Q: 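Okay, here's the structure, questions in a sec.
From a predicted model like this one, the values you see are computed outputs, not experimental measurements. In what follows, chains are A, B, ... by sequence order, proteins preceding strands, each numbered from 1.
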Protein chains: 4
Amino acid sequence: MLLQIDFKSGKPVYLQLVDQIRYAAASGGLRTGEPLPSIRPLAEELRVNRNTVAKAYAELENQGVIETIPGKGCFLKESNSPFTKSARAKILTKEIDEAVVAAHHLQVDRDAFLALVKERLDSFERKVKEKSDND
Amino acid sequence: MLLQIDFKSGKPVYLQLVDQIRYAAASGGLRTGEPLPSIRPLAEELRVNRNTVAKAYAELENQGVIETIPGKGCFLKESNSPFTKSARAKILTKEIDEAVVAAHHLQVDRDAFLALVKERLDSFERKVKEKSDND
Amino acid sequence: MLLQIDFKSGKPVYLQLVDQIRYAAASGGLRTGEPLPSIRPLAEELRVNRNTVAKAYAELENQGVIETIPGKGCFLKESNSPFTKSARAKILTKEIDEAVVAAHHLQVDRDAFLALVKERLDSFERKVKEKSDND
Amino acid sequence: MLLQIDFKSGKPVYLQLVDQIRYAAASGGLRTGEPLPSIRPLAEELRVNRNTVAKAYAELENQGVIETIPGKGCFLKESNSPFTKSARAKILTKEIDEAVVAAHHLQVDRDAFLALVKERLDSFERKVKEKSDND
DNA sequence: GTGGTCTAGACCACA
DNA sequence: GTGGTCTAGACCACG
């Protein structure tokens with residue numbers, strides 16, 4: 001699982017983590033019982049305060065998505081509500097629509113937009129690969 | 001134009017307004033030169049403070065989306081981004097990256113993602129066209 | 001950096017701050033990467049509300065002069081205007097026009113005005129150079 | 001006397017008028033006893049509300065710069081404090097310095113800046129000439 | 001400690 | 001009526 005933070009989005013960092021982990025959990029990117037990255041290394045990797053990661057995990061526990069076993073770590077609980085395909089599409093549609101609108105205002109045409117999307121996909125896939133190579 | 005605030009999303013209220021108005025402007029729900037709702041009545045309707053709406057409008061103004069004339073109101077501007085190409089690419093990259101990350105966690109693969117992007121682009125362009133056909 | 005507010009000038013306080021800080025930044029009184037005074041202490045020192053200083057800093061940020069990192073502070077950015085050539089010309093034209101109008105009413109003729117402009121340019125360039133020589 | 005308003009400077013329109021007229025009065029652009037333009041035509045010419053011009057004149061009367069004779073118009077009072085040459089230079093220096101700083105931030109170099117200054121001077125002189133031709 | 005958001009309410013400038 | 005500025009003070013996110 002690759003987590004990515006945008007410090008300037010206005011959205012609190014801990015909520016970005018919560019959303020990303022919740023999405024992964026509800027879509028099979030994380031399996032039941034699988035351990036989440038532990039707080040300290042993750043905080044270091046993301047260049048974020050440990051408290052911020054801890055807060056995200058606390059929130060996730062509160063939502064019943066994960067379970068914290070003191071001294072052992074955090075684990076994904078039985079996935080109680082996996083997203084349906086349409087639910088996933090809905091979330092994603094919202095994100096994509098925002099990018100489409102931004103492109104329109106910035107007067108970026110369809111081709112340039114699609115090219116940029118592909119470029120970002122490639123860049124992201126490279127990052128995922130690097131990470132899995134390191135693990 | 002229908003504006004709706006979600007007070008629990010964690011996203012600042014003024015940014016929710018900015019996004020929704022930008023969407024309306026880009027998709028033709030609002031025409032060039034047309035006045036936006038005045039700050040005070042809108043604030044009342046949304047049960048939000050006047051300053052919060054004012055902040056959203058100020059943000060839209062310096063994104064070059066609207067023009068505000070003190071004493072008269074706020075109006076949709078001819079779209080014409082004042083930013084350099086690289087500044088625009090930076091903004092757009094941020095938007096796209098958010099969608100890419102969401103797709104990754106939702107386990108939506110590259111092809112499905114690209115298909116959805118194209119579908120949203122088409123849908124958006126259709127919407128713009130419909131509105132302009134009504135002229 | 002010395003900041004001074006004139007409450008009777010009719011010019012909004014936050015704009016006075018913006019101008020003075022821009023001046024300090026441009027003339028080398030503030031170096032790239034250097035932190036600006038924090039909002040709260042500065043507000044107290046100037047006997048102005050915290051929000052007023054925050055508004056000035058926000059304005060500076062979207063002019064691309066400073067960068068603010070929530071939780072850490074505000075820092076002077078590498079100067080690099082994000083505006084298109086025409087947008088920049090527009091801003092500058094406004095500034096110049098104000099000076100031209102003042103010269104007209106002060107009965108300062110074209111040659112004297114141009115001489116003064118050159119003198120101020122030289123003076124400014126000297127100041128910038130001195131500061132950089134101190135490195 | 002050519003008056004010029006900038007609606008987006010943040011400075012109240014009536015104060016822009018006050019300053020310009022005061023400068024002209026103190027520098028010989030207006031002579032003692034000379035009538036000022038009457039309110040209605042001036043408001044029309046500047047595309048400003050009559051109240052705004054009236055307020056400027058009221059302020060000037062308050063400052064003792066002009067005298068209003070009901071039914072006849074407004075006249076410049078005996079100029080009690082003409083600006084010295086250095087006083088004029090000081091006011092003008094402030095205006096010019098702001099333009100110089102703006103040029104620096106906008107990365108406009110010396111030559112381009114001087115060219116723009118000359119261009120604006122020419123444009124302004126044309127305007128003055130047109131106006132005097134019409135009178 | 002930092003900056004960010006929001007509220008409530010005042011006064012000003014302008015049409 | 002419009003938007004703009006400013007204050008005072010609360011709470012949040014983050015380090």
Q: Atom CD of A/Glu59 and atom CG of A/Asp19: how far apart are they, to the nearest 0.5 Å?
A: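 Rounded to the nearest 0.5 Å, the CD-CG separation comes out at 9.5 Å.
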Q: Are any of C/Tyr14's side-chain N or O atoms less than 4.0 Å away from OP1 or OP2 of F/dT5?
A: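 Yes, because at least one side-chain N or O of C/Tyr14 sits under 4.0 Å from OP1 or OP2 of F/dT5.
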Q: How long is the line joining CG of B/Leu17 and C1' of E/dC6, in whole Å?
A: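 The answer, rounded to whole Å, is 13 Å.
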Q: Taking only side-chain nitrogens and oxygens of C/Lys55, does any of them come within less than 4.0 Å of OP1 or OP2 of F/dC6?
A: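 For F/dC6, OP1/OP2 do not have a side-chain N/O of C/Lys55 under 4.0 Å.
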Q: Looking only at side-chain atoms of B/Thr52, point me to the closest of E/dC6, F/dG4, E/dA13.
A: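 Selected nucleotide (nearest to the side chain): E/dC6.
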Q: Does a salt bridge link B/Lys55 with B/Glu61, judged by any charged N lying under 4.0 Å from a carboxylate O?
A: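 A salt bridge is absent here (no side-chain N lies under 4.0 Å from a carboxylate O).
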Q: For the residue pair D/Ile66 and D/Lys77, what are the closest heavy atoms and their distance?
A: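 In this case the closest contact between D/Ile66 and D/Lys77 is O-CD, 3.5 Å.
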Q: Measure the spacing between CG of C/Leu42 and CD1 of C/Ile21 and express it to the nearest 0.5 Å.
A: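 Between C/Leu42 CG and C/Ile21 CD1, I get 7.0 Å after rounding to 0.5 Å.
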Q: Taking the side chain of A/Pro12 as heavy atoms from C-beta outward, which of F/dA13, E/dT7, F/dA8 is closest to it?
A: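 Selected nucleotide (nearest to the side chain): F/dA13.
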Q: To the side chain of B/Cys74, which of E/dC6, F/dC6, F/dG3 is closest?
A: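 Per side-chain heavy atoms of B/Cys74, the pick is F/dG3.
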Q: F/dT2 C1' sits how many Å from B/Glu61 CD, rounded?
A: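 Rounded to the whole Å, the gap is 14 Å.
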Q: Just to be sure I understand the rule, does C/Pro41 reach a base, reach only the sugar-phosphate, or reach nothing, if contact means heavy atoms closer than 4.0 Å?
A: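 If one applies the 4.0 Å heavy-atom cut-off, C/Pro41 turns out to touch the sugar-phosphate alone, with no base involved.
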Q: Rounded to whole angstrom units, what separation is found between the CG atom of C/Asn49 and the P atom of F/dG9?
A: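 Going from CG in C/Asn49 over to P in F/dG9 covers 9 Å.
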Q: To the nearest angstrom, how far is C/Glu44 atom CD from F/dG9 atom C1'?
A: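 Rounded to the whole Å, the gap is 14 Å.
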Q: Without decimals, in angstroms, what is the distance between B/Phe75 CZ and F/dG3 C1'?
A: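 Checked: the CZ to C1' distance equals 11 Å.
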Q: Which one, E/dA8, F/dT7, E/dG3, comes nearest to the side chain of B/Asn51?
A: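 So the side chain of B/Asn51 is nearest to E/dA8.
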Q: E/dG4 P sits how many Å from A/Leu15 CG, rounded?
A: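 A/Leu15 atom CG is separated from E/dG4 atom P by 18 Å.
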Q: Indicate yes or no for a side-chain donor-acceptor contact from A/Arg50 to the backbone of A/Arg40 under 3.5 Å, with no hydrogens or angles considered.
A: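 No, because the side chain of A/Arg50 does not come within donor-acceptor range (under 3.5 Å) of the backbone of A/Arg40.
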Q: Should we count CD of D/Glu44 as having more than 12 external heavy atoms under 6.0 Å?
A: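 No, because the 6.0 Å sphere around CD of D/Glu44 holds 12 heavy atoms or fewer from other groups.
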Q: Which nucleotide in the set E/dG4, F/dA13, F/dT2 lies at the smallest distance from any side-chain heavy atom of C/Pro70?
A: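 When the side chain of C/Pro70 is considered, E/dG4 is the closest of E/dG4, F/dA13, F/dT2.
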Q: Rounded to whole Å, how long is the line connecting atom CD of A/Glu59 with atom C1' of F/dC14?
A: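 From A/Glu59 CD to F/dC14 C1': 16 Å.
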Q: Quiz question: going by heavy-atom distance under 3.5 Å, is there a donor-acceptor pair between the base of F/dG3 and the side chain of B/Arg40?
A: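 When only heavy-atom distances are counted, B/Arg40 does reach the base of F/dG3 through a donor-acceptor pair under 3.5 Å.
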Q: Parallel, tilted or perpendicular: which one describes the rings of C/Phe83 and B/Phe83, with boundaries at 30° and 60°?
A: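 Aromatic pair C/Phe83/B/Phe83 classed parallel.
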Q: Establish, from distance only, whether the side-chain atoms of C/Glu78 and C/Thr32 form a donor-acceptor pair under 3.5 Å.
A: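 No, no side-chain donor-acceptor contact under 3.5 Å.
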Q: Hey, which of these two, B/Tyr57 or C/Phe7, hits DNA chain F nearer its 5' end, going by closest nucleotide?
A: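 Here B/Tyr57 is the residue nearer the 5' end.
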Q: Roughly, in whole Å, what's the span from CD1 in C/Ile39 to P in F/dT7?
A: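 My rounded result for the distance is 14 Å.
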Q: If you go through the side-chain atoms of A/Arg50, does one of them form a donor-acceptor pair with the base of F/dG15 closer than 3.5 Å?
A: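 Checked by distance alone, the answer is no.
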Q: Using both pair distances under 3.5 Å as the test, note the stems of at least 3 consecutive Watson-Crick or G-U pairs that include DNA chain F.
A: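 When the pairs of DNA chain F are grouped into runs of at least three, the stems are E:1-14 with F:1-14.
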Q: Are C/Thr68 and E/dG4 close enough that a side-chain N or O sits under 4.0 Å from OP1 or OP2?
A: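 Answer yes for this pair, as a side-chain N or O of C/Thr68 is under 4.0 Å from OP1 or OP2.
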